[in-house]
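What follows is a single structure, written as structure tokens, with notes after it.
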Amino acid sequence: VKVKIPFGNKYLDAIFSIPEKKPTYGVILTHGAGGDMNFPHLVSLAAYLASHGVLCLRFTCKGLNVAYRTKAFKAVVEYLKLSDDYKLSGVFLAGRSMGSRAAASVIRQLSQDDDDDGFIQGLVCLSYPLHRPKLQSKLRDEDLLLVSCPVLFVSGSADEMCEKQLLEGVVSKMKAPKKIHWIDKANHGMAVKGRTTNDVMEEINAQVFSWLRENVQLQHK
């Protein structure tokens, strides 16, 4: 279902992937610096989640400024929270590359506001861009260290923007419950020599869903 989400004086394009049964939880998903919500990995994940009973709302926000993309992500969270069509108990924020930076930033900002009502259940970072290629000295970890909800990282072990030891170092400092799933030999675009895109996506999708399920169950025992 295509929707237009109000954002300032314009609209963001978005698509709902809706499960057959009434969903209790949702995932808001966005893309990296290039591309849009129709990036194949996002389409694949959204379809997988919906087929397993999780509502998925993916949206496009162009612009290479993280602050701007964070504002857009916030607008989408508000939209879903106030939606009359879908009464959800909670959502997980997810993004690929730059989109995961925006998601982390939204969670940090909302948790610092006094109106944190537990609507946001967790964060999924696909190919989190921890540093620029070859610039490992400057880490983009400030939001991650301040997030308190559960976080899942899915990263390639050969990601040129997220060196394995550096991410493990940051994760060890995080206070939030966290998990890293390494895709063996995958680069930043999750390409692995000798494996098809579908094969890699099946691994990622299954990991994301099982983590979501664990975290929903944890909070509702």
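- Annotation for K22: atom NZ does not count as buried by contact number, only 12 or fewer foreign heavy atoms lying within 6.0 Å.
- Checking T60 against H31 by side-chain atom types alone, no donor-acceptor pair falls below 3.5 Å.
- Grouping the Ile, Leu, Val, Met, Phe, Trp and Tyr side chains by contacts below 4.5 angstrom, directly or via other members, places V192 apart from M161.
- Residue E142 qualifies as enclosed at atom CD: its count of foreign heavy atoms under 6.0 Å is above 12.
- By the ring-ring contact (aromatic ring centres under 6.0 Å, His included) test, H41 is found to be paired with F39, residues two or more places apart in sequence or in another chain being considered.
- R195 has a carboxylate O that lies under 4.0 Å from a charged side-chain N of E203, or vice versa, which qualifies the two as a salt bridge.
- Using a 30° and 60° split on the angle between ring planes, F16 and Y86 fall in the tilted class, from 30° to 60°.
- Ion pair K164/E168 flagged as a salt bridge, since at least one NZ, NE, NH1 or NH2 atom sits closer than 4.0 Å to an Asp/Glu carboxylate oxygen.
- T70 places no side-chain N or O within 3.5 Å of a backbone atom of S105 that could act as its donor or acceptor partner.
- Using cut-offs of 30° and 60° on the angle between ring planes, the pair F209 and H52 is tilted.
- Of the charged side-chain nitrogens involved, at least one lies within less than 4.0 Å of a carboxylate oxygen, so that K4 and D13 count as a salt-bridged pair.
- Surrounding NZ of K87 are more than 12 heavy atoms belonging to other residues, nucleotides or ligands, all under 6.0 Å away.
- One hydrophobic cluster, built from ILVMFWY side chains closer than 4.5 Å, holds both L152 and I183.
- Between the side chain of N65 and the main chain of Y68, a donor-acceptor pair closer than 3.5 Å is present.
- Of the charged side-chain nitrogens involved, none lies within less than 4.0 Å of a carboxylate oxygen, so that D143 and R140 do not count as a salt-bridged pair.
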